[in-house]
Amino acid sequence: MRKNPISLKTSVGPISLYQNRKVCAVRKRTFIAFFVGIHLTFIVLVIHKQSLFISLSFEKQRLEKQKLELLQEKDTLSQELFALNNKSDIKKFATEQLNMKQLALGSLITGTQHE
């Protein structure tokens, strides 16, 4: 069966060349609208990705700055701890400010009974 270029037979009836062009024009507009819509969606997604990247970069910088501050605080507290654990400083503090005296071994009272 050979198709007539001027009209196509369908179940409804023959379609004229004008109607065929009209259908093609609608399909073309639909395709263009779909194509433009997809591209606009991609553009919005790229912009959203860039804004997320920038905000996460700022968050990373803030956290790195906070990390450095915490490391400095850790070093300061470690130095203070080592200074407080120094035996000679503890002895000096106890004798001078708390008025304690060094005990001799003979003056210690034990809690056990010797028979």
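What you see below is based on every heavy atom in this structure, not just the backbone, and it leaves out hydrogens, waters and symmetry mates. As the structure is a prediction and not an experimental result, all values here were calculated from the model.
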Let me check something: any side-chain donor-acceptor pairs from residues 75-91 under 3.5 Å, sequence neighbours excluded? List them with distances.
from	atom 1	to	atom 2	distance (Å)
T76	OG1	Q72	O	2.9
S78	OG	K74	O	2.8
N85	ND2	L81	O	3.4
N86	OD1	S88	OG	3.4
N86	ND2	D89	OD2	3.3

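In this structure, CG on L52 lies 12.5 Å from CD1 on I47, to the nearest 0.5 angstrom. The CD atom of E64 lies 5.0 Å from the NZ atom of K60; values are rounded to the nearest 0.5 Å.
Hydrophobic clustering of Ile, Leu, Val, Met, Phe, Trp and Tyr side chains at less than 4.5 Å, counting indirect connections, unites L40 with I32.
For R27, the side-chain contact (heavy atoms from CB on, under 4.5 Å) partners are V23, not counting sequence neighbours. With sequence neighbours excluded, the residues that form a side-chain hydrogen bond (donor to acceptor under 3.5 Å, both in side chains) with R62 are E59.
At least one side-chain heavy atom of L71 sits under 4.5 Å from a side-chain heavy atom of K67.
Note on ring orientation: taking the six-membered ring where Trp is involved, the planes of H39 and F42 are perpendicular (angle over 60°, cut-offs 30° and 60°).
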